[in-house]
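Okay, structure first, notes after.
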Protein chains: 2
Amino acid sequence: MHFAESSASERRYLPPAVAVSTVAFALHPPEGAAAGAPDAGAPAEGRETTAAGSVTLWIPLVRRTRPPFEGRWALPGGPTQWDETLVDTASRTLHDAVLRPPGYLEQLYAFGSVERSAEAQRLVTIGYWALYGERDLAAPPSAPAGQGAGAPVGRTPVAAPSRGGGAPGPRWDDVPPQSGPRQEGSGGPPGENDPNVAWFSADRLPRLAFDHVDIVEYALWRLRRKTEYSAVAHRFLGPVFTLAQLRSVHEAILGNRVDPANFRRQALAQGHLVDTGAVETGTRHRPARLFRFRAEPEDAPRPDR
Amino acid sequence: MHFAESSASERRYLPPAVAVSTVAFALHPPEGAAAGAPDAGAPAEGRETTAAGSVTLWIPLVRRTRPPFEGRWALPGGPTQWDETLVDTASRTLHDAVLRPPGYLEQLYAFGSVERSAEAQRLVTIGYWALYGERDLAAPPSAPAGQGAGAPVGRTPVAAPSRGGGAPGPRWDDVPPQSGPRQEGSGGPPGENDPNVAWFSADRLPRLAFDHVDIVEYALWRLRRKTEYSAVAHRFLGPVFTLAQLRSVHEAILGNRVDPANFRRQALAQGHLVDTGAVETGTRHRPARLFRFRAEPEDAPRPDR
DNA sequence: CGAATAGTGTCTGTTAGACACTATCGC
DNA sequence: GCGATAGTGTCTAACAGACACTATTCG
């Protein structure tokens, strides 16, 4: 790389580095992945339920192995490479941490602060948010994307448009300018149990590096807004699901109880759900009908193309 | 500049250049500014009204003076400088074209395409949208921000948060990597009548360079969404205004008629409007009450900080 | 049958939209 | 008074939220 040799004072004048940070959500960590406790570095027993029996959102984090913020947990991410689009970068860095491609990926906001520009290269960070559904987590872990200018991660299953208002992200800061392709938390060998990658419950996050808390905050806000006016919740579930499941996803996202009767009516009124005719089995009460989702035309001008 | 000497083939491996493009809206061009006709390069008589007597939105454009797309009109914009935040860049480049700071400025979407990377340096473009109110247009033109690393344009009156969903912009492409600070359409001397800057009616735009049409499209969509759930329309007007004026702004943005009675109720119900007690004068019918806007707490996590 | 959840019916309060009607100005 | 727009009242249909009630399964 050309710039390796430029001194710190010279780096001030370099063009800004472009990096990506992604907040990914899932209803629970993938099978076999580490579930982090708030402040312990070590995994803890954690599954998808909380006190009240309601579902929570989980977020994958990566532990930084070098300054600044060495040892702190941070969002998966890293610098863009010359042959990658921004989504590709998000996808690749996320894959490096989670070992699976997300089911949904959407841009959040671009933040270009000038902070610390006297000491380090200027940095522009593009925040993304992603979503892992049951389907996605079930997929067996695949090898990290790896080196250099290789093709961006195979299939980025969903590179989606968006609609809500754009918003902020904090300045990124990871990865020294023009460092190698693998991002921060990759000291050890890859594999499902990399000690530097863990999933945390969204309401019990450890202290994060940089202003990653703000990105998470914003991503959550966006996710909530989006579940209100759009159909995203179903993406957390498998191909077929009951209305109760869908509702509990809504409850997890919005953080409050939702009336089953009213939810049912609204959900069905949207016209997105198709009754498969099949019913749930294995319950010890009246089985619920299974629905699947019917894709419908987006109404937003499509950003990513 | 370090990179001036790097060859085209070397540039492929440079970090992406970061540029900004801004879609600015106003109810009419500033006094004395050129109003462009759809395809003529020359100004045409144009004021704020259209066929049906309704108001239209106007957008400032800059004519490119070098390839690619030489001669075409494009959005104001340019590359970020090492000491500028993204908003600053938007603000500065917009100021260079319009000679006034906007009343509102918000990020739209970041687009990082890899297209043409084989021939030119990789480019990441951050789209912004801005708004000039009466107040802002009334301000006398000030000199362009000018050279090098000078302080970013004095006051960027409003660097605002946002809420809607993020969305797309096309790849930018202007300005050769690391070119001088002044952007594209600045061949001639500055001043209110730079032949390479003109305002166009949003529904009669000329052919634009790059995919700037898409950015405009998206900005319009965002503006519409935002007027629906938030209070932005008032920013197009002066400090006090009648409900009829506010309504006609809504009509201009949404593109359809709005019932005066219902609009009034809704507008007042929001609680943002304060009756000043004063009334309109100079009409030849019953004068309307004048209102002013009362700022209220935002509910979106604030992105820009 | 009892526990438990699925699914339906109904009532109430709020709101968007349509539109008739009254008020108040200049002339 | 007339023309014109400001501003109010009212009716209707749609809808969200609360909640009672019925249906269907397991054990």
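In this text the structure is predicted, and so the values were computed from the model without any measurement. Chain naming here is simple, since letters A, B, ... match the order of the sequence lines and numbering starts at 1 in each.
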Using a strict cut-off of less than 4.0 Å between a Lys/Arg side-chain nitrogen and an Asp/Glu carboxylate oxygen, indicate whether A:Asp275 and A:Arg289 qualify as a salt bridge.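 Looking at A:Asp275 and A:Arg289, the cut-off is met.
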
Atom-pair distance ([atom1] on [X]; [atom2] on [N]), nearest Å:
X        : N      : atom1 : atom2 : value
B:Gln245 : D:dG7  : CD    : C1'   : 16 Å
A:Leu243 : C:dT5  : CG    : C1'   : 13 Å
B:Leu273 : D:dG7  : CG    : C1'   : 15 Å
B:Phe241 : D:dA6  : CZ    : C1'   : 16 Å
A:Glu228 : D:dA16 : CD    : C1'   : 13 Å
B:Phe263 : D:dT8  : CZ    : P     : 14 Å
A:Leu268 : D:dC15 : CG    : C1'   : 15 Å
A:Arg264 : D:dA16 : CZ    : C1'   : 17 Å

Heavy atoms under 4.0 Å is the rule here; annotate nucleotides 17-27 of chain C 5' to 3' with B where the base is hit, S where only the sugar-phosphate is, and - elsewhere. BBB---BBBS-

Classify the ring geometry between [X] and [Y] as parallel (under 30°), tilted (30 to 60°) or perpendicular (over 60°).
X        : Y        : value
A:Phe241 : A:His234 : tilted
A:Tyr132 : A:Trp199 : perpendicular
B:His250 : B:Phe263 : perpendicular

A:Glu134 versus A:His28, side-chain donor and acceptor atoms under 3.5 Å: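 There is such a pair between these side chains.
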
Show, in sequence, the C-alpha distance, side-chain angles and deciding distance for A:Glu251 and A:Arg247, and conclude whether the salt bridge (charged side-chain N to carboxylate O under 4.0 Å, His left out) test is met. CA-CA 6 Å; A:Glu251 290 175 338; A:Arg247 175 169 48 86; 3.6 Å; yes

